[in-house]
Novice: 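Could you have a look at this structure, given as structure tokens, before my questions?
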Amino acid sequence: MATLPSVAVLKAALDNPRAIATKPRARQLHAQILKRHGLSAASLSFVLSVYADLGLLRDSLLVFRSLPCPAPPAAWKSVIRCYASHGLAADALASFSTMRALGRRPDRNVFPSVLKSCASLMDVRLGEAVHGCAVRVGVDGDLYTGNALMNMYAKFRNSGGDVGTGGVAHEVLDEMSQRMNCGNVARQMGSGPDVYRLNSPGQNEMGLMGIWREMCGQRDSVRKVFDMMPQRDVVSWNTVIAGNVQSGMYGEALAMVREMGNANLRPDSFTLSTVLPIFAEHVDVRKGKEIHGYAVRNGFDSNLFIGSTLIDMYAKCACVADSYRVFHMLPQRDGISWNSIIGACLQNGMFDEGLKFFRLMLKDDVKPGPISFSSIIPACSHLTSLHLGKQLHGYIIRAGFDYNVYIASSLVDMYAKCGKIEKAKWIFRNMELHDIVSWTAIVMGCALHGHALDAITLFEKMQMEGVKPTYVSFIAVLTACSHAGLVDEAWKYFNCMTQEFKINPGLEHYAAIADLLGRAGRLEEAYDFICSMPSEPPSSLWSPLMTACRVHKNVELAEKVAERILQVDPESIGTYVQMSNIYSAARRWKEAAKWKVSMKERGLRKKPACSWIEVRNRAHAFLSGDTSHPYYNKINEALEVLLEQMEKDGYKPNTSEVLHDVEEEQKKQLLQHHSERLAIAFGIISTPPGTEIRIIKNIRVCTDCHEAIKFISKIVGREIIVRDNSRFHHFKDGKCSCGDYW
DNA sequence: GTAGGGTTAG
């Protein structure tokens with residue numbers, strides 16, 4: 001049992017309350033003081049300040065409520081500080097109001113907490129009122145108060161048009177003054193300041209002009225406070241610099257870093273981690289490295305904040321190797337360092353590595369937070385790993401993160417990309433709040449699964465709910481139109497985007513329209529449309545048209561397109577392959593061979609068709625004609641049995657898809673062993689009857705396989721879901737969800 | 001009183 005503190009210890013504690021560093025010690029002190037000094041307001045408010053310093057909200061409130069009314073100013077200060085440090089801004093402000101209503105004069109120590117609360121509630125008017133109050137009390141020249149003022153005004157300025165949320169605090173105040181008028185403030189405090197916590201957002205009462213005036217005003221407010229401060233420290237400079245960075249005023253921010261020197265202040269770790277994101281955004285590794293060097297010379301490189309900012313900066317500049325180096329050099333790591341290195345991998349398309357770091361993080365006993373999950377779930381989407389995604393989803397639910405908008409959006413995307421569109425829709429429906437990203441994710445999901453009408457309906461519903469479509473969401477809705485052959489709708493959205501929403505169409509939008517025209521067989525129109533682009537079309541825009549030319553057997557246009565592609569991208573493997581295939585399909589073997597030879601001469605190799613399937617948590621990959629799988633014999637046997645039944649049901653192999661100059665029987669054999677058929681046959685023999693089979697393929701399904709899979713789905717009575725490089729096909733009962741349009 | 005990591009993209 002701990003011994004009670006002696007009189008000497010107690011005396012020491014009174015001189016230096018910060019020496020009490022633990023909750024039990026604080027409680028001991030509390031008990032001792034009660035024993036020696038009784039319930040005097042002075043001694044209790046001393047205990048209160050100790051509790052508040054330790055951030056013990058409950059204890060602080062208990063002591064506060066036991067104080068005789070009205071409480072001394074020091075007690076108010078402690079409670080306000082405690083509320084503010086717990087992020088309970090509304091409670092902090094309510095207490096501040098009550099304190100003033102009771103005639104307690106605030107001193108300079110209380111303003112930083114109050115101003116911070118105004119900033120976090122984004123309450124511009126209240127913030128200005130508190131500023132006025134600080135001026136009247138005569139503490140606006142105080143260093144801490146000045147710094148807090150600048151921080152607040154910078155936050156207001158950077159919030160852009162979000163001033164409306166300030167209504168929350170207005171309601172607090174309105175309610176406060178009503179209660180004040182009713183008289184019994186002491187009774188309210190008795191029931192605890194919690195009664196002031198509100199959850200309904202207020203309305204924006206300010207007109208556009210008002211907001212505009214406020215914004216212009218705040219541009220200067222930060223600077224005005226800065227200029228008028230009688231003394232400034234590093235924090236003052238850092239605050240203004242951070243404010244500038246957050247509102248995109250990079251030039252001014254960097255100029256101020258240089259100016260700091262004239263004021264005899266050296267940039268510290270705060271300054272550096274504030275300006276580093278500038279170089280990340282501008283992809284300027286050279287300048288970023290200079291800062292890194294400065295950090296090393298000044299011993300800041302082991303700082304966790306600098307570390308994660310550096311990792312992020314290098315990643316954004318595509319220097320992941322440097323991100324790794326910084327990460328491994330860190331003497332210790334927190335959750336954010338891990339999130340940074342995971343994010344660094346994912347931003348650079350290194351999904352497996354990202355997952356590796358995620359596992360190491362767990363092994364290192366660092367608990368993944370919401371941000372870890374919203375970073376790692378997209379890795380499952382990219383790798384189409386439903387198994388892993390489900391596992392993580394389970395973790396997310398257990399941790400209670402499933403209501404986080406970021407995470408929910410990434411889950412919607414993950415399930416859609418892993419073939420589970422119904423699950424994606426279910427999660428979307430159950431989200432309590434839909435932002436533009438979650439809407440876009442579900443619209444895109446529907447588009448990929450060929451649910452074009454759902455996609456369009458959702459896109460319209462989104463706008464009815466007041467969410468403005470963006471660049472990316474138009475890509476999603478155009479993709480939906482493109483996969484369903486909805487040419488008129490696509491044009492409608494394309495025009496609506498440019499004219500109504502003033503969004504400049506990007507490559508992706510052009511690609512969707514061009515792709516659509518091509519698929520619809522309007523090849524010349526597509527060609528002209530691509531040529532109408534304001535800048536030189538890249539090869540990625542032409543290649544869908546090339547595919548369309550192959551599908552619609554238009555050799556002449558294909559030649560024109562090939563020429564355009566090779567102009568911008570002479571190494572385009574796809575073009576050589578496509579041209580060779582197009583000539584083969586036209587039985588112009590000589591020209592086909594010419595393209596193949598010239599491809600070989602350039603040392604270009606075609607990427608092989610590959611299909612894979614997850615069975616019992618393992619991925620099994622198959623190449624076309626692949627005999628290497630341990631169960632190959634069984635797979636082949638299954639394919640034979642299936643083929644027999646398929647032919648009885650009326651399946652006729654479409655050998656025109658085989659672009660080799662070989663005998664008819666051999667062509668059938670080649671078709672029979674396309675990678676997707678091997679994967680499907682393996683799926684049929686290694687999973688329980690009746691369950692769905694999910695295949696992923698790296699290139700488009702050929703028409704013959706598409707036809708064959710329809711028969712197979714009916715014969716085995718199972719749903720077969722095939723994801724190719726652009727969309728999903730759901731085969732069921734002899735039909736495909738794409739309606740044979742893909 | 002100041003600082004670091006996140007979701008959607010044919």
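Each chain gets a letter, A, B and so on, in the order its sequence line appears, and its residues count up from 1.
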Novice: What I want to check is whether an N or O donor and acceptor connect the side chain of A:T274 with the base of B:dA3 at under 3.5 Å.
Specialist: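 A donor-acceptor contact between them is absent.
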Novice: Just N and O in the side chain of A:Q347: are any of them under 4.0 Å from OP1 or OP2 of B:dG5?
Specialist: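 For B:dG5, neither OP1 nor OP2 has a side-chain N or O of A:Q347 closer than 4.0 Å.
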Novice: When you measure from the side chain of A:Y406, which nucleotide among B:dG6, B:dT2, B:dG10 comes out closest?
Specialist: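 Looking only at side-chain atoms, A:Y406 lies closest to B:dG6.
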Novice: Kindly point out which of B:dG6, B:dT8, B:dG10 is positioned nearest to the side chain of A:V437?
Specialist: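 Closest nucleotide among those given: B:dT8.
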Novice: Whole-Å distance between B:dT7 P and A:I436 CD1?
Specialist: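 In whole Å, B:dT7 P and A:I436 CD1 are 16 Å from each other.
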Novice: Would you indicate what A:D233 reaches in the nucleic acid, counting non-hydrogen atoms under 4.0 angstrom: base, sugar-phosphate, or nothing?
Specialist: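 Since a base atom lies under 4.0 Å of A:D233, the category is base.
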Novice: Any Lys/Arg nitrogen of A:D107 or A:K77 sitting under 4.0 Å from an Asp/Glu carboxylate oxygen of the other?
Specialist: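 Answer for the salt bridge query: yes.
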Novice: Side-chain donor or acceptor of A:S308 under 3.5 Å from a matching atom on the base of B:dG4?
Specialist: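 In this structure, the two groups form a donor-acceptor pair.
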Novice: For A:F270 and B:dT2, is the gap between ring centres under 5.5 Å while the planes differ by less than 30°?
Specialist: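 Stacking is present between B:dT2 and A:F270, given that their ring centres fall under 5.5 Å apart and the planes under 30°.
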Novice: Please state whether the base of B:dG6 and the side chain of A:S374 form at least one donor-acceptor pair under 3.5 Å?
Specialist: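 Side chain to base: pair found, below 3.5 Å.
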Novice: Check every strand shown and say whether A:P378 touches a base, only sugar-phosphate, or nothing at a heavy-atom separation below 4.0 Å.
Specialist: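 Contact class for A:P378: sugar-phosphate only.
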Novice: Answer with base, sugar-phosphate or nothing: what part of the nucleic acid does A:S269 contact at a heavy-atom distance below 4.0 Å?
Specialist: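 Base, at least one base heavy atom under 4.0 Å.
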Novice: For the side chain of A:S409 and the base of B:dT7, is some donor closer than 3.5 Å to an acceptor across the two?
Specialist: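 Such a pair is found, so the answer is yes.
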Novice: Using a cut-off of 4.0 Å on non-hydrogen atoms, how would the nucleic acid contact of A:P370 be classed: base, sugar-phosphate, or nothing?
Specialist: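 Base contact.
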Novice: Applying a 4.0 Å non-hydrogen cut-off, can you work out what A:S482 is touching in the nucleic acid: base, sugar-phosphate, or nothing?
Specialist: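 Result for A:S482 = nothing.
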Novice: Per the atom types in the model, does the base of B:dG6 pair as donor or acceptor with the side chain of A:N404 at under 3.5 Å?
Specialist: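 Side chain to base: pair found, below 3.5 Å.
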Novice: Under 4.0 Å: is that the gap between some side-chain N or O of A:K417 and OP1 or OP2 of B:dA9?
Specialist: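 Looking at the OP1 and OP2 atoms of B:dA9, one of them is under 4.0 Å from a side-chain N or O of A:K417.
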Novice: If the cut-off is 4.0 Å, is A:N151 near the phosphate of B:dT2, judged by side-chain N/O to OP1 or OP2?
Specialist: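 For B:dT2, OP1 or OP2 has a side-chain N or O of A:N151 closer than 4.0 Å.
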Novice: Can a donor-acceptor pair be found between the side chains of A:D334 and A:S337 at a distance below 3.5 Å?
Specialist: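 Judged by distance alone, the side chains do pair up.
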Novice: Tell me what A:L304 touches on the nucleic acid: a base, only sugar-phosphate, or nothing, going by heavy atoms under 4.0 Å.
Specialist: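 Base contact - A:L304 has a heavy atom under 4.0 Å of at least one base atom.
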Novice: What I want to check is whether an N or O donor and acceptor connect the side chain of A:N303 with the base of B:dG4 at under 3.5 Å.
Specialist: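 Not at all, since no donor on one side and acceptor on the other fall under 3.5 Å apart.
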